[in-house]
J.: 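Below is the structure I would like to discuss, written out as structure tokens.
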Amino acid sequence: MLLTIAFSSHFSPQIPQYRFRCQCGSFSPGNGFQTERGLEFDTGGAFYRRESATGRDLGVLAASLQKKDSGSLRVLDALCGCGIRSLRYLKESEADFVAANDGNECYGSIIVENLNRVCAEEEKRWVVSHLEANRVMTEYYLQKSLFDFIDVDSFGSDSSFLRSAINCLKFGGLLYVTSTDGFSSGGHRPHHSLAAYGAYVRPMPYSNEIGLRMLIGGVVREAAVLGYHVTPLFSYYAYHGPVFRVLLRLNRGKVHDSRHYGFIGHCHQCGNSNEFSWDQLGQFSCSCSVSKVSNSLKVSGPLWTGPLHDAAYLTDMLDLAKQWGWIGCDGKDSLEKLINLMVDESDPRLPSGYIKLDEMASRAKINTPPLRSLMSAIHEKGYAASRSHIITNAIKTNCPMTEFISIAKELLAVSVS
């Protein structure tokens, strides 16, 4: 690999583009044609997951709503790969301008070819660069060339992009971030999660939700350092990868209320989960058995403990998807089901975490009642409950584990009689 310096007439003339010249020769047009939402594109050997199309669908819907709200749409795709996200932002979200950046110059011809399918380079609706992501975002910030929507689809737990992304985002703009670090969210690398997101994460039965809260918490922390605050609009987990994707809105000013940024504890003895605030430091305990708390209570944090989604925003996304004919087109209504589950999860009464039916059955030494029947019974008892979009055999609820088990046993007794 040779490091070269180049200048592009479509990029700011004051900004040098440090590029890596590809000598491998393995990336060439025509290597991998794919189709997504009716758009044909060439992967050209770049990393591409068909399974990630849902995450791209959500991003495109959000970007389109952003244009409707603000009247214009400037998008930065900081790690664009073959350019499929940039292509879709141009075509489907009708972005006025897209900056497609990938540090690997080997993908350059593929990205240009794909974006040319929407509009010619001469129209100046898009530009391709090959800078390290932090560098390109910092250069745009220094030029005061800010964006309405920034997509940072990073790998692993690389949180180094967060501050640079926030810096070049307009107030009211949307930041779409990614983590694929399932080891840290599972509590297997607590010092790694502490370094990346400022959260010491320990093993918990709802680790994939913890991964989303860890990612949101990292953005919350970075925004606060800069004097801003962010609001999560949706949080999406996909098992392949795994992939944690979160969309947040950037707002002016700090929020001095830290009630949604704290600690989450899970008691392995009784199965209950609790949220703890900063002023409870040194007082964490579980009511089930104070004498055994040191062995049974596992606490992770600081993490985002507030809502994972904004129900009204998700409803707007679903309405737009229906307008575009995206609902029902696959015969499964998978996108509609996903968004509706997220809406249900938005109930402010629901705490962090979820209860796996298998865990409940194991504790109670019973079979598992039908999920729908169990949810109905929980609602009848006055508790909040919803299914989780993260895992199919789990329920998010504010019902304590002991009561949860009692309800399940009552259902089984009725079914036997």
Side-chain angles (χ1 to χ4, degrees), residues 55 58-59 62-63 66 75-79 133-134 137-138 140-141 146-182 184-185 192-201 208-238 241-264 275 278 300-310 313-314 342 345-346 352:
L58 295 173
Q66 184 68 8
V75 176
L76 171 58
D77 188 358
L79 298 158
N134 274 319
M137 289 187 284
T138 299
Y140 275 119
Y141 165 70
L146 306 182
F147 292 86
D148 303 287
F149 190 103
I150 298 177
D151 190 325
V152 186
D153 191 15
S154 54
F155 179 77
S157 56
D158 194 344
S159 60
S160 65
F161 306 119
L162 296 179
R163 192 172 301 186
S164 300
I166 293 171
N167 271 328
C168 67
L169 185 64
K170 296 177 183 178
F171 290 120
L174 304 182
L175 177 59
Y176 198 22
V177 292
T178 310
S179 169
T180 60
D181 188 359
S184 292
S185 66
H192 189 85
S193 63
L194 183 63
Y197 300 107
Y200 194 88
V201 175
N208 292 325
E209 182 174 318
I210 291 293
L212 292 171
R213 296 185 178 280
M214 177 180 70
L215 179 56
I216 297 172
V219 183
V220 167
R221 183 184 65 164
E222 292 296 331
V225 168
L226 298 171
Y228 314 135
H229 69 280
V230 292
T231 306
L233 298 178
F234 70 74
S235 308
Y236 169 61
Y237 167 79
V243 177
F244 305 89
R245 298 227 68 182
V246 175
L247 182 78
L248 309 104
R249 189 182 301 281
L250 180 66
N251 307 293
R252 290 179 183 271
K254 289 184 179 180
V255 173
H256 299 287
D257 182 358
S258 60
R259 59 179 172 159
H260 291 324
Y261 186 62
F263 302 85
I264 298 172
E275 296 170 3
W278 290 87
S300 296
L303 304 160
W304 175 257
T305 58
L308 292 173
H309 322 284
D310 182 311
Y313 189 83
L314 286 167
M342 289 177 169
E345 288 178 316
S346 304
S352 303

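Note that the coordinates shown come from a computational prediction; the quantities given were computed from them, not determined experimentally. Values below: all heavy atoms of this structure, side chains included; hydrogens, waters and symmetry mates excluded.
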J.: One pair to check against side chain to side chain contact (heavy atoms under 4.5 Å, CB included): Ser157 and Tyr197. What are the steps and the verdict?
T.: CA-CA 8 Å; Ser157 56; Tyr197 300 107; 3.7 Å; yes
J.: What are the two closest non-hydrogen atoms of Met214 and Ser193, and how far apart are they?
T.: SD-CB, 3.7 Å
J.: Would you check if the side chain of Ser184 reaches a backbone N or O of Asp181 as a donor-acceptor pair within less than 3.5 Å?
T.: no
J.: Might you point out which heavy atoms bring Leu175 and Ala165 nearest each other, and give the distance in Å?
T.: CD1-CB, 3.7 Å
J.: Could you check whether Thr178 and Arg245, counting side-chain N and O atoms only, form a donor-acceptor pair closer than 3.5 Å?
T.: yes
J.: How many angstroms lie between atom CG of Leu162 and atom CG of Asn167, to the nearest 0.5 angstrom?
T.: 11.0 Å
J.: Just how far is it from atom CG of Leu76 to atom OH of Tyr140, taken to the nearest 0.5 Å?
T.: 6.5 Å
J.: Within this structure, what is the CE-CG distance for the pair Met342 and Leu233, rounded to the nearest 0.5 Å?
T.: 11.5 Å
J.: Heavy atoms, side chains only, cut-off 4.5 Å: are Leu314 and Asp310 in contact?
T.: no
J.: One pair to check against side chain to side chain contact (heavy atoms under 4.5 Å, CB included): Leu308 and Val246. What are the steps and the verdict?
T.: CA-CA 9 Å; Leu308 292 173; Val246 175; over 6 Å; no
J.: With sequence neighbours excluded, tell me which residues meet side chain to side chain donor-acceptor pair (under 3.5 Å) with Ser235.
T.: none
J.: Tyr141: what forms a ring pair (Phe, Tyr, Trp, His ring centres under 6.0 Å) with it, not counting sequence neighbours?
T.: none
J.: Provide the closest heavy-atom pair for Leu215 versus Ser179 in the form atom of the first, atom of the second, distance.
T.: CD2-N, 4.0 Å
J.: Taking side chain to side chain donor-acceptor pair (under 3.5 Å) as the definition, give me every residue that meets it alongside Tyr237, ordered by chain and number, with sequence neighbours left out.
T.: Asn208
J.: Taking all non-hydrogen atoms of both residues into account, name the closest pair between Phe149 and Leu247 and its distance.
T.: CE1-CD1, 4.0 Å
J.: Sequence neighbours left out, what passes salt bridge (charged side-chain N to carboxylate O under 4.0 Å, His left out) with Glu209? Give chain and number order.
T.: Arg213, Lys396
J.: What residues form a ring pair (Phe, Tyr, Trp, His ring centres under 6.0 Å) with Tyr176, not counting sequence neighbours?
T.: Phe234
J.: Can you tell me how far the CD atom of Glu222 sits from the CD1 atom of Ile166, to the nearest 0.5 Å?
T.: 6.0 Å
J.: Given 3.5 Å as the limit, does a donor-acceptor pair link the side chain of Ser185 with the main chain of Gly211, or not?
T.: no
J.: Please check if the side chain of Glu275 supplies one atom and the backbone of Ser352 the other of a donor-acceptor pair under 3.5 Å.
T.: yes
J.: Using side chain to side chain contact (heavy atoms under 4.5 Å, CB included), reason through His229 and Val219 one step at a time and then give a plain yes or no.
T.: CA-CA 9 Å; His229 69 280; Val219 183; over 6 Å; no
J.: Quick check: closest heavy atoms across Ile210 and Val201, and the distance to 0.1 Å?
T.: CG2-CG1, 3.7 Å
J.: In chain order, what residues pass the side-chain contact (heavy atoms from CB on, under 4.5 Å) check against Asn134, with sequence neighbours excluded?
T.: Glu132, Met137, Ser160, Phe161, Ser164
J.: In terms of the angle between their ring planes, are Phe263 and Trp278 parallel, tilted or perpendicular, with boundaries placed at 30° and 60°?
T.: perpendicular
J.: So do Tyr200 and Ser300 actually touch side chain to side chain, heavy atoms under 4.5 Å?
T.: no
J.: Using the rule given for side chain to side chain contact (heavy atoms under 4.5 Å, CB included), can you reason through Leu174 versus Ile150, listing the C-alpha separation, both sets of side-chain angles and the distance that settles it, and then say yes or no?
T.: CA-CA 6 Å; Leu174 304 182; Ile150 298 177; over 6 Å; no
J.: Do Asn251 and Thr231 have side-chain atoms, one donor and one acceptor, less than 3.5 Å apart?
T.: yes
J.: State, to 0.1 Å, how close Pro302 and Tyr261 come at their nearest heavy-atom pair, and which atoms those are.
T.: CG-OH, 3.5 Å
J.: Using the ring centroid of each side chain, check whether Tyr228 and Phe171 are separated by less than 6.0 Å.
T.: yes
J.: Could you give the distance from CZ (Arg249) to CG (Leu169), rounded to the nearest 0.5 Å?
T.: 10.0 Å
